[in-house]
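To start, the structure under review is shown below, and the notes come after it.
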Amino acid sequence: MSVPKGKVLPTAFFRRDTVTVTRELLGKALCRQLPDGTVRRCLLTEVEAYVGPHDKACHASRGKTARTSVMFEPGGVFYVYLCYGMHWMLNLVTEGGDYPAAVLVRGVEGISGPGRVTKQLAIGRDLNTLPIRRTSGLWVEDAGIDILDTQVERTPRIGIGYAGEFWMNEPLRFLWNTQ
DNA sequence: GGAGTGATGACA
DNA sequence: GTCATCACTCCA
């Protein structure tokens, strides 16, 4: 069963508190325009928050660099980077600007794992720094689904053991339990 | 449990 | 310039 077309989320949606945005992204539809012109819509089921310069797991916690400068942009753009030389990671930049934070897309309905999501949706470097809107070929829509807190699970983030005792345990990973 | 893979950032 | 590290995935 496919996800019906919804209203495109405005830039303002992303220019807010990162944890709030992360939680609200569950059940929203990540939409990708395919080369043949058709659109694939996938409900977001797993996301992680990287909440600012003080977050030791956030790439920008050690300052602004060529790679992380996009995270200092006002929210509503993509941060895409290559991990382990093979996997593209998709992030949605949040907050109002000059404050590095983003949401990592770890999974959508039918696709688990951040590297598999980008592979299946053909997401790569070319989307880095582009705005989150229809004309970029990748955007987010409100699918009209209301997800109750009882369906949301929070856990520590994955693969950030280097971030120190506090940040590696913060429950900044959000999962939508669809069962 | 371990390899693959290459950009990135720290350091010289 | 070198070098270690990595918000992962797949196969044994």
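Here is how names work: the chains are called A, B, and so on, in the same order as the sequence lines, proteins then strands, and each is numbered from 1.
Looking at Asn91(A), its side chain does come within 3.5 Å of a backbone N or O of Tyr79(A) through a donor-acceptor pair.
Backbone-only contact: Ile158(A) has heavy atoms under 4.0 Å from sugar-phosphate atoms and none from a base. Base engagement by Gly85(A) is indicated by at least one non-hydrogen atom pair under 4.0 Å involving a base atom. Residue Arg157(A) is out of contact with every strand shown, counting any heavy-atom pair closer than 4.0 Å. At a threshold of 4.0 angstrom between heavy atoms, the contacts of Met89(A) are confined to the sugar-phosphate backbone, with no base atom among them.
Rounded to an integer number of Å, the gap from His59(A) NE2 to dA7(B) P is 16 Å. Put simply, NZ on Lys56(A) is 17 Å from P on dG9(B), counting in whole angstrom units. Computed from coordinates, the His87(A) NE2 to dT8(B) P distance equals 16 Å when rounded to whole Å. Atoms CG (Leu82(A)) and C1' (dG9(B)) sit 15 Å apart, rounded to a whole Å.
A donor-acceptor pair shorter than 3.5 Å can be found between the side chains of Thr135(A) and Arg133(A).
The partner of dA7(C) is absent, by the rule that a Watson-Crick or G-U pair needs both atom distances under 3.5 Å. In this structure dT5(B) sits in no base pair that meets the Watson-Crick or G-U test at under 3.5 Å.
Toward the 5′ end of DNA chain B lies the nearest nucleotide of Tyr84(A), the other residue of the pair Tyr84(A) and Arg125(A) mapping further downstream.
Side-chain contact between Gln33(A) and Arg134(A) is present, with heavy atoms from C-beta onward closer than 4.5 Å. For the pair Glu170(A) and Val19(A), the minimum side-chain heavy-atom distance is 4.5 Å or more. Side-chain contact between Arg125(A) and Leu82(A): absent, with no pair of heavy atoms (C-beta onward) separated by less than 4.5 Å. No side-chain heavy atom of Thr11(A) sits less than 4.5 Å from a side-chain heavy atom of Ile132(A).
Read 5' to 3', the first and last nucleotides of DNA chain C with an atom closer than 4.0 Å to a heavy atom of chain A are dC6(C) to dC10(C).
As a member of the Ile/Leu/Val/Met/Phe/Trp/Tyr network built from side-chain separations under 4.5 Å, Tyr99(A) groups with nothing else and remains a singleton.
In this structure, Arg62(A) does not reach the dG9(B) phosphate: none of its side-chain N or O atoms is under 4.0 Å from OP1 or OP2.
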